[in-house]
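What follows is one structure encoded as structure tokens, with my remarks underneath.
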Amino acid sequence: MQIKGKVAVITGGARGFGRRMAEMVVERGGKVVLGDILEEGSAVADQLNRQSKAGKVAVFQKCDVTKSADLQALVSRAISEFGVLDIMVNNAGIGGTLPWSEDDDVSLSRTIDINLKAPIEGTRLAVRHFIERGHPGCVVNVSSMMAFFPAEFSPVYGATKSGIANFTACCATLAQRNPPIHVNAVAPNFADTVMVRDLVPKTNNKVFNKTGILTVDEVVVQMIRCIEDESLAGDTIKLLPGRPPLVHKGRKAIVSGVLTGAKL
């Protein structure tokens, strides 16, 4: 899908991948609805509009992705502001903790709700919109290399990101619809974001020293690819510092006939 003239909803749009994704979409002639629990997303939208030569290109909507109503409000805002939704970017996420170091399940539940449940719900809402409107669409999810390389220091985070990669692969057959819906994901290793800097100090860090760290642009360029490369369907692009991006070769869903006659 070409981004020019398209409208994207981006969760976690105030910082990091989400903010840079918004900038790149607008640079390519698209428009964005930024959703974030952080109010600084409003300043990001204002800046994009000030820099635009094509009128309003961005709006901000405060959003708690653990609430389905807030995600639906992002879809509705895209339609009310720009008339359509073409692209859903499920970018919002948090780092996890060691569940056995916690006194309750609050952190466990929050990590699952934000990193796994919210992207699935965002995808559900977007896909239903695309089907009901009868037009093509794209969904971009954010997984992690921890989906493929278990790490002792973040078991819940890794489990949620593994779930995102599997869920994305299960969506592969949506690209065979007419019109097609492409659902893809990126799986970056550690990247230079506020979340990573807050969670894992860089100095004397054995993991960073061994694996290196990705730039935000290296990740977001592949998120853009998830939209523009129509050969991708249910695919996850793995990203490691100093290596070319690699499309994961795992199994993806195929048309089985089980859904014949199913609603939508």
Side-chain angles (χ1 to χ4, degrees), residues 1 3 6-19 21-22 25 30-38 41 58-82 84-94 109-133 135-144 147 157 160-172 174-175 177 180-188 195 219-220 223-224 226-227 232-236 264:
M1 173 182 286
I3 293 174
K6 302 300 191 298
V7 177
V9 162
I10 304 173
T11 67
R15 296 178 176 179
F17 301 153
R19 176 174 183 158
M21 184 69 173
V25 168
K31 298 178 180 179
V32 295
V33 176
L34 303 178
D36 207 302
I37 201 164
L38 301 173
V59 294
F60 171 73
Q61 174 104 9
K62 189 168 183 179
C63 174
D64 179 348
V65 295
T66 67
K67 299 177 180 178
S68 180
D70 280 16
L71 290 170
Q72 179 61 63
L74 292 179
V75 175
S76 299
R77 186 72 183 277
I79 296 167
S80 65
E81 290 283 351
F82 303 122
V84 70
L85 170 66
D86 302 290
I87 302 160
M88 172 68 81
V89 182
N90 294 308
N91 167 71
I94 61 172
S109 297
R110 180 168 172 76
T111 304
I112 293 172
D113 286 348
I114 293 175
N115 290 1
L116 181 60
K117 183 179 177 182
I120 292 175
E121 177 64 358
T123 302
R124 183 185 75 84
L125 292 170
V127 169
R128 286 184 63 86
H129 171 78
F130 301 147
I131 292 173
E132 289 169 358
R133 294 295 181 99
H135 65 73
C138 287
V139 177
V140 181
N141 293 320
V142 179
S143 180
S144 166
Y157 177 86
T160 61
K161 295 304 185 176
S162 181
I164 289 299
N166 184 275
F167 172 73
T168 298
C170 289
C171 295
L174 289 169
R177 295 184 64 95
I181 300 168
H182 290 260
V183 181
N184 296 300
V186 293
M195 184 178 80
V219 178
V220 177
M223 293 169 72
I224 293 290
C226 285
I227 299 168
L232 299 176
D235 287 301
T236 294
L264 294 181

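Keep in mind the model is a prediction, meaning the values are calculated, not measured.
Using modelled atom types, no side-chain atom of Asn141 and backbone atom of Asn90 make a donor-acceptor pair closer than 3.5 Å. Side chain of Thr236 to main chain of Ala187: no donor-acceptor pair is present (N/O by atom type, distance under 3.5 Å, no hydrogens or angles). With hydrogens and angles disregarded, no donor-acceptor distance shorter than 3.5 Å links the side chain of Thr66 to the backbone of Ile114. The backbone N or O of Ile10 sits nowhere less than 3.5 Å from a side-chain atom of Asn91 that would complete a donor-acceptor pair. At least one donor-acceptor pair under 3.5 Å links the side chain of Arg77 to the backbone N or O of Phe60. Under the 3.5 Å distance criterion, the side-chain polar atoms of Asp235 are matched with a main-chain donor or acceptor of Ala233.
Residue Ile87 holds its CD1 atom at 11.0 Å from CE of Met223, rounded to the nearest 0.5 Å. Taken to the nearest 0.5 Å, the CG atom of Asp64 stands 11.0 Å off from the OG1 atom of Thr11. The line from CG of Leu34 to CD of Gln61 is 10.5 Å long, rounded to the nearest 0.5 Å. Atom-to-atom distance recorded for Leu71:CG and Leu125:CG is 6.0 Å, nearest 0.5 angstrom. Separating the CD1 atom in Ile181 from the CZ atom in Arg128 is a distance of 11.5 Å, to the nearest 0.5 Å. Summarising the geometry, atom CG belonging to Leu38 is positioned 12.0 Å from atom CZ belonging to Arg19; distances are rounded to the nearest 0.5 Å.
Looking at Val33 and Phe82, their side chains come closer than 4.5 Å, going by heavy atoms from C-beta outward. You'll find the side chain of Val89 stays beyond 4.5 Å of the side chain of Phe17, heavy atoms only. Taking 4.5 Å as the limit, every side-chain heavy atom of His182 sits out of range of all side-chain heavy atoms of Met1. Pro119 has its side chain out of reach of Phe167: every pair of non-hydrogen atoms, C-beta onward, lies at least 4.5 Å apart. Residues Val25 and Ile224 have side chains in contact (heavy-atom distance under 4.5 Å, counting atoms from C-beta outward). No side-chain heavy atom of Cys138 sits under 4.5 Å from any side-chain heavy atom of Asp86. Put simply, the side chain of Val127 does not reach to within 4.5 Å of the side chain of Arg177, judged on heavy atoms. Looking at Leu74 and Met88, their side chains never come closer than 4.5 Å, going by heavy atoms from C-beta outward.
Nearest heavy atoms, Cys226 versus Val140: CB-CG2, 3.9 Å. Closest non-hydrogen pair, Ala126 versus Val139, comes out as CB-CG2, 4.2 Å. Minimum heavy-atom separation, Val219 to Pro188: CG2-CB, 3.7 Å. The shortest heavy-atom contact between Ala78 and Val9 is CB-CG2, 4.0 Å. Smallest separation of non-hydrogen atoms from Val183 and Cys171: CB-CB, 3.7 Å.
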#### Entry: From CA spacing to verdict: side chain to side chain contact (heavy atoms under 4.5 Å, CB included), Ile94, Asn115
CA-CA 7 Å; Ile94 61 172; Asn115 290 1; 3.9 Å; yes
### Query
After noting the C-alpha distance and the side-chain angles of Glu121 and Lys117, does the key distance pass the salt bridge (charged side-chain N to carboxylate O under 4.0 Å, His left out) rule?
CA-CA 6 Å; Glu121 177 64 358; Lys117 183 179 177 182; over 6 Å; no
### Task
Take Val142 and Ile164, measure what side chain to side chain contact (heavy atoms under 4.5 Å, CB included) needs, and give me the verdict at the end.
CA-CA 7 Å; Val142 179; Ile164 289 299; over 6 Å; no
### Task
Go through the steps to decide whether Ile79 and Arg133 satisfy the test side chain to side chain contact (heavy atoms under 4.5 Å, CB included), and finish with yes or no.
CA-CA 11 Å; Ile79 296 167; Arg133 294 295 181 99; 3.6 Å; yes
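With sequence neighbours left out, Arg110 forms a side chain to side chain donor-acceptor pair (under 3.5 Å) with no residue at all. For Phe130, the ring pair (Phe, Tyr, Trp, His ring centres under 6.0 Å) criterion is met by His135, not counting sequence neighbours.
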